[in-house]
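Below is one structure, written out as structure tokens, with a few remarks after it.
Just so you know, ligand 1 is whichever comes first in the structure, and atom 1 is the first atom listed for that ligand. Here the structure is a predicted model, which means the values were calculated and not measured.
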Amino acid sequence: MAEDVVLSAPLFVGLDEESALALVANMTPMEAVRGDVLFHEGEPGDRLYIVRDGKIKLGRRSSDGRENLLAVLGPGEMFGELSMFDPGPRTATATVVADAVLLELDHDELVRWLADKPDVARHLLQALARRLRRTNEALADLVFSDVPGRVAKALLDLSTRFGEQVDEGVRVAHDLTQEELAQLVGASRETVNKALADFAARGWVRREGRAVVLLDVDRLERRAR
Ligand code: CMP
């Protein structure tokens, strides 16, 4: 089952099963717990990671110490490849949000695979293009949307990764603190809290610690537009 999740990562999509399993065999599994930092923004990078289990946040810090989250990744997702395609320092810090099992692959190893299997490169490009689309959208939201709109969008986005259907709606165990959720939305903790409290008062969501149950996805989608 865990293997299936890994094989759904873009890195493996263009490979037949035998080649995919051979590539997995070249990867080193590692376990990490909440709070572990896998690498820091600005460091040189020599490997990429695929998430088999758990959650990883990718964040950047401003010169005055404020943090912004670029993404929260879950099973089947990949990170740490940018510093291979464009050799240079890591573009973000990767920190474990929920205890994780990861597969590591040396950039050099992947470069050898790409020379041999051009189809893999096409799928990686597609994954990069998808990420650019998402980032463009997030940038436009920062400029054009208000905080409640961005909160609604962040919850819906997290639900596509971590949502689980329950009787009342979709339960999203995001494992983020209020501060981290605010960093993901790009607003202060107070403003994000206010938006969440408002959504809860309207019956659109119910908050449960580091999870939220989306009770009215339609309304949230309309608010996110
Ligand atoms: P790298 O620069 O090696 O290390 C940080 C990683 O964060 C980077 O590779 C990407 O895998 C990932 N990353 C950087 N920017 C974004 C983004 N905007 N959205 C999602 N992931 C990103």
Check for a donor-acceptor pair, side chain of [X] on one end and backbone N or O of [Y] on the other, with a separation under 3.5 Å.
X     : Y      : result
Asp36 : Val33  : yes
Asp53 : Ala100 : no
Asn26 : Ala22  : yes

Testing [options] one by one against [X] for a side chain to side chain contact (heavy atoms under 4.5 Å, CB included), which residue passes?
X      : options                : result
Val205 : Val172, Val151, Leu155 : Leu155
Gln178 : Arg189, Gln183, Glu190 : Arg189
Leu38  : Thr95, Leu102, Thr93   : Leu102

Output the list of atoms in ligand 1 that are nearer than 4.0 Å to some heavy atom of [X], sorted by atom number.
X     : value
Phe39 : 4 (O), 5 (C)
Ser83 : 1 (P), 2 (O), 3 (O)
Glu81 : 3 (O), 9 (O), 10 (C), 11 (O)

Pick one of side chain, backbone, both or neither for how [X] approaches ligand 1, counting any non-hydrogen atom pair under 4.0 Å.
X      : answer
Arg90  : both
Thr91  : both
Ala71  : side chain
Thr135 : side chain
Glu41  : neither

Got an N/O contact under 3.5 Å between Phe79 and ligand 1? no
So is there a nitrogen or oxygen of Arg134 less than 3.5 Å from a nitrogen or oxygen in ligand 1? no
Please list the nearest protein heavy atom to [atom] with its residue and the distance rounded to 0.1 Å.
atom                    : answer
atom 6 (C) of ligand 1  : Gly80 N, 3.8 Å
atom 12 (C) of ligand 1 : Leu58 CD1, 3.6 Å
atom 15 (N) of ligand 1 : Leu70 CD1, 3.5 Å
atom 10 (C) of ligand 1 : Arg131 NH1, 3.3 Å

Is it true that Gly45 lies under 4.0 Å from ligand 1, counting heavy atoms only? no
Step-by-step salt bridge (Lys or Arg N to Asp or Glu O under 4.0 Å) determination, Asp157 to Arg150: CA-CA 10 Å; Asp157 189 43; Arg150 303 208 303 267; over 6 Å; no
Shortest non-hydrogen separation from Gly76 to Val5 and the atoms involved: N-CG1, 3.3 Å
Mind checking side-chain hydrogen bond (donor to acceptor under 3.5 Å, both in side chains) for Lys57 and listing every partner two or more places apart, or none if nothing turns up? Glu180
Between Tyr49 and Phe79, what is the ring plane arrangement, given parallel below 30°, perpendicular above 60°, and tilted in between? parallel
